[in-house]
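A short write-up of the structure that comes next.
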Amino acid sequence: TYETGVYFNKLYLNTNVWDKDGARFAAYFFNGSSADTWRNMENRGNHIYSVDIPSGYKGVIFCRMNGSNNTNNNFLSLING
């Protein structure tokens with residue numbers, strides 16, 4: 001992502017009230033093509049998760065996922081989806 005001359009390659013999410021019930025977090029990156037991709041988010045502690053932005057992607061959806069299912073190939077393992 002490019003904005004006012006600064007490149008960003010990592011996103012952070014404060015999960016605070018979402019971070020319960022064994023949930024895990026993933027990011028769905030899209031760019032308007034069929035090459036959309038999922039990435040697991042890394043727990044940084046204190047309810048903060050991070051994810052690297054794949055090259056060429058400008059859109060992202062943060063997802064609270066069912067912690068007992070580590071598959072990210074669709075939206076079926078969303079909690080409260």
Exercise. Residues in salt bridge (charged side-chain N to carboxylate O under 4.0 Å, His left out) with Asp36, at least two apart?
Worked result: none
For this session: Can you run down the salt bridge (charged side-chain N to carboxylate O under 4.0 Å, His left out) pairs that involve residues 44-54, sequence neighbours left out, and say none if there aren't any?
Result: Lys10-Asp52, Glu42-Arg44
Exercise. Between SG of Cys63 and CZ of Arg39, what distance do you get to the nearest 0.5 Å?
Worked result: 13.5 Å
Seminar exercise, completed: Looking only at heavy atoms, the pair that brings Asn31 and Gly56 closest together is CB-O, 3.6 Å
Seminar exercise, completed: By side-chain hydrogen bond (donor to acceptor under 3.5 Å, both in side chains), Asn14 pairs with (sequence neighbours left out) none
Exercise. Is it the case that one hydrophobic cluster holds both Leu11 and Trp18, taking links as side-chain heavy atoms less than 4.5 Å apart, direct or via other members?
Worked result: yes
For this session: Report yes or no: do Leu13 and Val17 belong to one cluster of Ile/Leu/Val/Met/Phe/Trp/Tyr joined by side chain heavy-atom distances under 4.5 Å?
Result: yes
Problem set entry | Closest heavy-atom pair and its distance - Tyr12, Ile48 | CD2-CG2, 4.0 Å
Exercise. Does a sphere of radius 6.0 Å around CG in Asn46 hold more than 12 heavy atoms from other residues, nucleotides or ligands, not counting ones at 6.0 Å or beyond?
Worked result: no
Exercise. Rounded to the nearest 0.5 Å, how far does CZ of Phe62 lie from OH of Tyr28?
Worked result: 14.5 Å
For this session: Could you grab the distance from atom CZ of Phe29 to atom CD1 of Ile61, nearest 0.5 Å is fine?
Result: 10.5 Å
Problem set entry | Single-linkage hydrophobic cluster, 4.5 Å side-chain cutoff, Ile53 and Met41 together | yes
Exercise. Residues two or more places apart in sequence or in another chain: which of them pass ring-ring contact (aromatic ring centres under 6.0 Å, His included) with Tyr49?
Worked result: Phe25
Exercise. With sequence neighbours excluded, what pairs up with Ser55 under the side-chain hydrogen bond (donor to acceptor under 3.5 Å, both in side chains) test?
Worked result: none
Exercise. Thr15 side chain to His47 main-chain N or O, any donor-acceptor pair under 3.5 Å?
Worked result: yes
